[in-house]
Amino acid sequence: MRFDVVIAGGSVAGLLCAREISSNGFSVLVIEEDYEIGTPEHCGGLVSIAGLEELGVIPFRKTFDHMIESATITSPNGNNFTINSKKQKVAEISRRELDKQIAFQAQKNGATIKVRTSFQELTDTGIRTNEENIDCKIFVDARGVSSLIHKDRTGILSSAQYEIYANWIKKGKVEVIFDQEKYPGFFAWIIPSNEGKGKVGVAGKGINVSEAIDMFLKEKGEFSTIRKIFAPIWIKGPIKNFVEGKTIIIGDAAGQAKPTTAGGIFTSGMGGVYAGQAISKFLKTNNKTDLDEYQKRWMNRFGKEFEKQTLARKILERIDNNTINKLFDSVTPEITKEISEKDDFDFHTGSIIKLLGLKGSIKTAQTLIGGEIKKLLS
Ligand SMILES: Cc1cc2nc3c(=O)[nH]c(=O)nc-3n(C[C@H](O)[C@H](O)[C@H](O)COP(=O)(O)OP(=O)(O)OC[C@H]3O[C@@H](n4cnc5c(N)ncnc54)[C@H](O)[C@@H]3O)c2cc1C
C-alpha cells in the first residue's frame, strides 16, 4: 500500500490535517487505533464558535449541544465570582459527533480512514501498523498526549472526567473550582451538556484523581454516573520541533493544547489545518521550507499567548489557598464586567491579568507574586 501521507490519530488534529491534504488532491490515509472515530470521548467539549468557524466546521445539529451563558469561578474558601460569557460565544459540543463530522469532511475530499489500526514504528519507506507496512512520503503524528508521554513526563497531569446526571447541574452554567490542596496546579470543573446532565472533572499534580473526583461529587450531592474517563493532559506548551525530517507532529502530540486549561479543540485543530496546508504545498514543490511554514504559522498565531499562559500556570503552581482567597477578594464587579464584555475565550491571558488584580483596586497579586507578574505583563 502506498499513500502520499499517512496520519496516525483520527481525532480533531489528524482529521483536519487529512481534510486539507485531500482537498489539494493528494492521497492520505488516517489510521485510528480505537474501534470508532470520536471514541473514547475524553473532552469537555467547550469551544468558541469563532474557533469552530476558523477550523472550517459548522456544527451539525447532532454535534451542537448548547451555548454557555456563564462561568462561575470559586476559591478554596467558597467565595466566587461569575463571568457572563454570552458575548464570548462559547458552545458545548459533542466531541464524538464533532470528530465524526470532520471525518466525513475529510472522506468527502478523498481521504481514507481506517479504525482499529495502530501505528507501530517508522520504516525506511513509510510506517508499520499492527496489520501491514505502508509506504508514504510524509508521516504525521497526531497521536495526542500518548505521543508525548515517551518524550517528557514532566508536563503531564492526570485527569478524571465523569459524565453524570445530577439536578445540581444547570444548563449553560460552567463552574471552575480552585483548591491547591485538592487539585494542585489545576482545578475541578463542571461543564453542563443540558439541564441536569454534564461532565464533571478534576486534574492536579501528584493526586489520585479517582479519589479527588469521588470526594468532589460526594460534597456536591446526589448524582448518577453514566461514564468515567481517565486521561492525561499536557500543560507545558508547544514542543521545540513540530517538523522532524519527513515526520510532522500536530495537535496535542505537539503540545498545542492551552497550558492554562489544556483545552485544545481550536489550537490543536489549527495545528492540523496549518500542517495540512504546508504538507500540500511541499508535495507540490518538494521544497523543505514549505514544511517549516507550518511551525512558523502556528507560532505566529499562538506562540505569544501560550508563553503567557505558561507563566500564568507557573504562578498558579506557586501560590497556596490563602493567596488564592486573597486574590478573589480583590476581584471587583468592574473587573468581571470588563471580562464579560471584552475578553476572548481562545486568547484569555487578558482575563487572567485582570483577575490577578493588575487592573483592579487592590494590587494583591503584585505583592505576592511580583516577579512572575512583571513577565506576564511584558
Ligand atoms: C478530560 C479532558 C477534558 C477536555 N476538555 C476540553 C474542552 O472542554 N475543550 C477543549 O478545547 N479541549 C478539551 N480537552 C483537550 C482536547 O480533548 C484535546 O486538545 C484534543 O482532543 C486534541 O486533539 P488531537 O487530535 O491532537 O489528539 P487526541 O484527541 O488526543 O487524539 C489522538 C488520537 O490518536 C489515537 N492514537 C493514539 N495512539 C495511536 C496509534 N499508535 N495509532 C493510531 N492512533 C493512535 C487516539 O486513539 C486518539 O483518537 C480536554 C481533554 C481532556 C483529557
Side-chain angles (χ1 to χ4, degrees), residues 6-18 29-48 51-52 55 65 68 71 90-96 98-99 102-103 113-122 127-131 139-150 156-163 174 176 186-193 198-203 209 213 227-235 249-273 275 345-346:
V6 175
I7 300 174
S11 183
V12 65
L15 292 165
L16 284 165
C17 186
L29 170 71
V30 180
I31 53 169
E32 166 54 49
E33 77 175 356
D34 263 303
Y35 62 89
E36 185 184 352
I37 295 295
T39 299
E41 185 179 338
H42 59 80
C43 186
L46 282 187
V47 63
S48 68
L52 281 178
L55 293 173
D65 279 338
I68 298 302
V90 178
E92 186 272 330
I93 48 118
S94 157
R95 258 311 286 278
R96 184 172 279 131
L98 179 76
D99 288 12
I102 302 169
I113 301 161
K114 277 183 86 180
V115 294
R116 271 211 119 125
T117 310
S118 70
F119 166 79
Q120 307 281 302
E121 62 178 1
L122 290 171
I127 65 153
R128 188 170 67 77
T129 73
N130 55 324
E131 290 173 345
F139 168 65
V140 178
D141 181 357
R143 289 175 294 157
V145 179
S146 65
S147 178
L148 284 163
I149 286 174
H150 313 288
I156 291 175
L157 295 184
S158 303
S159 80
Q161 184 174 268
Y162 293 1
E163 211 174 313
V174 165
V176 173
F186 214 78
F187 47 82
W189 63 92
I190 302 173
I191 300 174
S193 33
K199 299 149 210 169
V200 172
V202 303
V209 285
I213 197 168
R227 211 161 63 90
K228 291 185 175 185
I229 283 289
F230 299 91
I233 52 176
W234 174 260
I235 42 125
I249 309 161
I250 64 171
D252 277 18
Q256 292 169 350
K258 293 175 195 163
T260 43
T261 62
I265 298 174
F266 174 52
T267 49
S268 281
M270 284 310 294
V273 172
F345 177 75
D346 295 309

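Note that ligands are numbered from 1 as they come in the structure, with each ligand's atoms numbered from 1 the same way.
- Side-chain contact between L55 and M270 is present, with heavy atoms from C-beta onward closer than 4.5 Å.
- Checking E33, R143, R95, E32 against atom 47 (O) of ligand 1, the nearest heavy atom belongs to E32.
- Those atoms of ligand 1 that come under 4.0 Å of a heavy atom in S146, given as number and element, are 37 (C), 38 (N).
- Counting only distance, with no hydrogens or angles, the side chain of T117 and the backbone of V115 share a donor-acceptor pair below 3.5 Å.
- For the residues A8, A231, A13, the heavy atom positioned nearest atom 25 (O) of ligand 1 is part of A13.
- Listed by number with element, the atoms of ligand 1 under 4.0 angstrom from any heavy atom of G263 are 10 (C), 11 (O), 12 (N), 13 (C).
- Looking only at protein heavy atoms, the nearest one to atom 34 (O) of ligand 1 is G9 CA, 3.2 Å.
- Here's the thing with F119: one of its N/O atoms is less than 3.5 angstrom from an N/O atom of ligand 1.
- Taking every heavy atom of both residues into account, I31 and F119 meet most closely at CD1-N, 3.7 Å.
- I93 has its side chain out of reach of D65: every pair of non-hydrogen atoms, C-beta onward, lies at least 4.5 Å apart.
- Counting heavy-atom neighbours within 6.0 Å of R227 CZ, excluding the residue itself, gives a total above 12.
- Within the structure, the closest approach of T117 to ligand 1 falls below 4.0 Å when heavy atoms are considered.
- Residues K258 and D346 are in side-chain contact: their nearest non-hydrogen atoms beyond the backbone lie under 4.5 Å apart.
- Each of the following atoms of ligand 1 lies closer than 4.0 Å to a heavy atom of I265: 9 (N), 10 (C), 11 (O), 12 (N).
- With a 4.5 Å cut-off on side-chain heavy atoms, I229 and E41 do not count as touching.
- Summary of contacts: the protein heavy atom closest to atom 13 (C) of ligand 1 is C43 SG, 3.4 Å.
- With hydrogens and angles ignored, the 3.5 Å screen pairs a side-chain donor or acceptor of Q161 with a backbone N or O of C43.
- Close contacts of ligand 1 with A142, meaning ligand atoms under 4.0 Å from a residue heavy atom, involve 32 (C), 33 (C), 34 (O).
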- How far apart are the C-alpha atoms of L15 and E32, what are their side-chain angles, what is the distance that settles it, and do they pass the side chain to side chain contact (heavy atoms under 4.5 Å, CB included) test? CA-CA 10 Å; L15 292 165; E32 166 54 49; over 6 Å; no
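- Residues W189 and T261 have side chains not in contact (no heavy-atom distance under 4.5 Å, counting atoms from C-beta outward).
- Closest to atom 31 (O) of ligand 1 among all protein heavy atoms lies S11 CB, 3.0 Å.
- Heavy atoms of G45 approach ligand 1 to within less than 4.0 angstrom.
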- Residue pair V90, L46: steps toward the side chain to side chain contact (heavy atoms under 4.5 Å, CB included) verdict: CA-CA 7 Å; V90 178; L46 282 187; 4.2 Å; yes
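- Closest to atom 8 (O) of ligand 1 by heavy atom, among T39, V209, L46, is L46.
- Each of the following atoms of ligand 1 lies closer than 4.0 Å to a heavy atom of A262: 14 (N), 15 (C).
- For ligand 1, the polar-atom distance check against A257 finds no nitrogen or oxygen pair separated by under 3.5 Å.
- The closest protein non-hydrogen atom to atom 12 (N) of ligand 1 is G264 N, 2.9 Å.
- Between I233 and ligand 1 there is a heavy-atom distance shorter than 4.0 Å.
- The backbone N or O of S11 sits nowhere less than 3.5 Å from a side-chain atom of D99 that would complete a donor-acceptor pair.
- Nearest protein heavy-atom neighbour of atom 1 (C) of ligand 1: S159 OG, 3.6 Å.
- No side-chain heavy atom of W234 sits less than 4.5 Å from a side-chain heavy atom of D252.
- Atom numbering of ligand 1 starts at 1 in the shown order; those under 4.0 Å from a heavy atom of D34 are 47 (O).
- Residue-ligand proximity, G144 to ligand 1, at heavy-atom distances under 4.0 Å covers atoms 27 (O), 30 (O), 32 (C).
- At the top of the distance list for atom 51 (C) of ligand 1, counting protein heavy atoms only, stands H42 O, 3.3 Å.
- For atom 5 (N) of ligand 1, the closest non-hydrogen atom of the protein is G44 N, 2.7 Å.
- Remark: minimum distance from atom 26 (O) of ligand 1 to any protein heavy atom is reached at D252 N, 2.8 Å.
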- Query: Can you list the steps and then say if Q120 with I127 is a side chain to side chain contact (heavy atoms under 4.5 Å, CB included)?
  - Reply: CA-CA 7 Å; Q120 307 281 302; I127 65 153; over 6 Å; no
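- Distances below 4.0 Å separate heavy atoms of S118 from the following atoms of ligand 1: 42 (N), 43 (C).
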